[in-house]
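Every heavy atom of this structure was used, including side-chain atoms; hydrogens, water molecules and symmetry mates were not.
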Amino acid sequence: QLRRLLGARMQARHIRETGGGADIAKKAHTLIETVEQRERNVRLRDLQRQAWETRAGADVNDRLAGKRRDRQQGGRVEKVQLCHVRLAVDGRQVHDLAAFVEQRVVCLKTGQRRRIELARILFSNADTLILDEPTNHLDADSIEWLRGYLKKYEGGFLVISHSTELLDEVVNKVWHLDAQLGQIDMYSLGWKAYLHQRVVDEERRRREREVAEKKAERLMQQGIRLHAKATKAVAAQNMMRRAEKLLENTSEAQKKEKVADIRFPEPAPCGRTPIMAKDISKAYGSNIVFAGVNLAIDKGSRVVILGYNGAGKTTTLRLLAHLEDPDTGSVEYGHGCKIGYFAQEHDTLDLDATVLQNLIHVAPELDDTQARSILGSFLFSGDDALKPARVLSGGEKTRLALATLVTSRANVLLLDEPTNNLDPASRDEILKAIAKYEGAIVLVTHDEGAVEALNPERVLLMPDGDEDLWNDSYLDLVAEE
């Protein structure tokens, strides 16, 4: 509907894996300029009004208690609002867009920046979209809305995503980049049909390879026997060339893809309560994120933090890590506390330093061989260790950040969306590492699998700071928040 509304000009727009630092004002005003006709504005407002539901602005407890009821009633929050109508920020409606758009993107939470990026791209009057991990940092409502939008999108789009649920619903062609063969295999199929066909193709290639190898072996043996006779030397050479050509024209045997060997460190000894947060609060300007939060992290405890985007989950981890100071209250470390912090935006990495230097910075006791051995287990081998962190992909930055935790001997891990950007095999490895880790973990995630691997004892509901014993009824809410 929006596509027919705004018209179709051939213009490609690109949403990057990580948000930029440009002003929201530029992006918002650009959107406003594209909706030039009053009739289009009226129709756009009608569409947006239908997308809102009454859940916006409700407190966390009401959201938790009413989640199933809301879903049965068919309500879905539309988080991406455009132009001069409304914007959804921190789960509530913002009507004063003029004041809001003057903020810089870097001042916003990750989920808010993602919505700004999506709004800028999806409603840009583009005919072709290029989407790089568009579901990262989005909650379940936003992801479901995005799936529905792309399913109905009349233009073309190219998407890179580790979300198999998204791919299963929206794509009708798959391009498989085969790093081993250095080629792209194109399949005019949906996701599940592609997975089946790829298995069939790999089995066919394996059989072809076996037949060619057997035939080449016979030719080589005949060539060796003939080479002993001077009069048959030319024929022998021709047979050997034929054998080599047979192998050259046959696809390489498919090798098992390498997977990062992710293992969290053996935790250092510590006291009974490594972290104690007392009556902490945090505000940014006039925006009070949370107030009066109390939390004790005991030795070996496992806690998951839930809350809508912008409720202060990441801020809470940063306060616990002493990367920011609370406006009121205190965060005290107990005897022997050693913190390992994984930031979803990888802001603990020095982007101007190399991969190797980033590891040496956190573990100066390692020599070059030891550091390279650790990096090799995270798939940074050879010259990859000399790459500047700035040029790494999102998945590579995630692996590097995890590698820095291995040497820390941390007894408390603060993990903020640790499975983002990882391929399925690497994600499985980090879930195993979470399950086996013997120290304390405080986890923020939208990944239900990560919570299941954590097997939490307690849940902290933000922004109210209410603490409760974990039960499986919270699991349905992990991806929703």
Side-chain heavy-atom pair [X], [Y] within 4.5 angstrom cut-off:
X: R206; Y: E203; result: yes
X: L319; Y: F290; result: yes
X: H176; Y: I184; result: no
X: L349; Y: K397; result: yes
X: L400; Y: L392; result: yes
X: I130; Y: I160; result: no
X: D201; Y: Y187; result: yes
X: E457; Y: V303; result: no

**Q.** Residues, nucleotides or ligands: over 12 heavy atoms within 6.0 Å of D383 CG
**A.**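 For D383, atom CG is not crowded (no more than 12 foreign heavy atoms under 6.0 Å).
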**Q.** L158 atom CG: more than 12 heavy-atom contacts under 6.0 Å
**A.** yes
Can you tell me how far the [atom1] atom of [X] sits from the [atom2] atom of [Y], to the nearest 0.5 Å?
X: I275; Y: L414; atom1: CD1; atom2: CG; result: 5.5 Å
X: L167; Y: Y194; atom1: CG; atom2: OH; result: 10.0 Å
X: I280; Y: L295; atom1: CD1; atom2: CG; result: 7.5 Å
X: L150; Y: L146; atom1: CG; atom2: CG; result: 4.5 Å
X: E396; Y: L422; atom1: CD; atom2: CG; result: 11.5 Å
X: N420; Y: T445; atom1: CG; atom2: OG1; result: 7.0 Å

With [X], which residues qualify under salt bridge (charged side-chain N to carboxylate O under 4.0 Å, His left out), at least two apart?
X: K192; answer: D168
X: D327; answer: K282
X: D472; answer: none
X: R318; answer: E324, D347

Q.
Enumerate the ring-ring contact (aromatic ring centres under 6.0 Å, His included) contacts for residues 309-332, please, sequence neighbours excluded, ordered by first and then second residue.
A. H322-Y333
Whether the side chain of [X] engages the backbone of [Y] through a donor-acceptor N/O pair (distance < 3.5 Å, no angle test) should be reported.
X: S373; Y: T369; value: no
X: N411; Y: P267; value: no
X: Y149; Y: L122; value: yes

Which heavy atom in [X] sits nearest to a heavy atom in [Y], and how many Å separate them?
X: A450; Y: L443; value: O-CD2, 3.9 Å
X: G307; Y: K313; value: O-NZ, 2.8 Å
X: R147; Y: L166; value: CG-CD1, 3.4 Å
X: P274; Y: V412; value: CB-CG2, 3.6 Å
X: T316; Y: G312; value: OG1-O, 2.7 Å
X: V170; Y: F157; value: O-CZ, 3.5 Å

What residues form a side-chain hydrogen bond (donor to acceptor under 3.5 Å, both in side chains) with [X], not counting sequence neighbours?
X: T419; value: D447
X: T273; value: D298
X: N471; value: S473
X: S281; value: T328

Q: Kindly indicate, with the supporting measurements, whether the criterion salt bridge (charged side-chain N to carboxylate O under 4.0 Å, His left out) is fulfilled by R372 and D368.
A: CA-CA 6 Å; R372 284 180 176 272; D368 187 80; 3.1 Å; yes
Q) Given V406 and F378, is the side chain to side chain contact (heavy atoms under 4.5 Å, CB included) satisfied, shown in steps? A) CA-CA 10 Å; V406 167; F378 284 83; 3.4 Å; yes
(Q) salt bridge (charged side-chain N to carboxylate O under 4.0 Å, His left out) for R205 and E202? Distances and angles first, verdict last. (A) CA-CA 5 Å; R205 289 172 180 171; E202 288 178 359; 5.9 Å; no
Q.
Show me the pairs that pass salt bridge (Lys or Arg N to Asp or Glu O under 4.0 Å) and involve residues 398-420, at least two apart or across chains.
A. none
Q: Sort and list the pairs that fulfil salt bridge (Lys or Arg N to Asp or Glu O under 4.0 Å) and have at least one residue in residues 330-342, not counting sequence neighbours.
A: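 Sorted result for residues 330-342: K278-E332.
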Q.
Using 30° and 60° as the class boundaries, would you call the ring planes of F342 and H346 parallel, tilted or perpendicular?
A. perpendicular
Q. In terms of the angle between their ring planes, are Y437 and F264 parallel, tilted or perpendicular, with boundaries placed at 30° and 60°?
A. perpendicular
Q | Verdict with supporting geometry, V293 and M462, side chain to side chain contact (heavy atoms under 4.5 Å, CB included) | A | CA-CA 9 Å; V293 174; M462 298 299 289; 4.0 Å; yes
(Q) Does either side chain, that of Q183 or that of D185, offer a donor lying less than 3.5 Å from an acceptor on the other one? (A)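 On atom types as modelled, these side chains qualify, holding a pair under 3.5 Å.
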Only distances under 3.5 Å count here; give the side-chain donor-acceptor pairs of residues 358-365 to other protein atoms, sequence neighbours excluded, each with its distance to 0.1 Å.
unit_1	atom_1	unit_2	atom_2	d
N358	OD1	D350	N	2.8
N358	ND2	D350	O	3.1
N358	ND2	T354	O	3.0
H361	ND1	Q357	O	3.4

Q | Candidate pair Y474 and D468, rule side chain to side chain contact (heavy atoms under 4.5 Å, CB included), full reasoning | A | CA-CA 10 Å; Y474 285 115; D468 192 10; 2.5 Å; yes
Q. Is there a side chain to side chain contact (heavy atoms under 4.5 Å, CB included) between V171 and V159 once you walk through the steps?
A. CA-CA 8 Å; V171 304; V159 59; 3.9 Å; yes
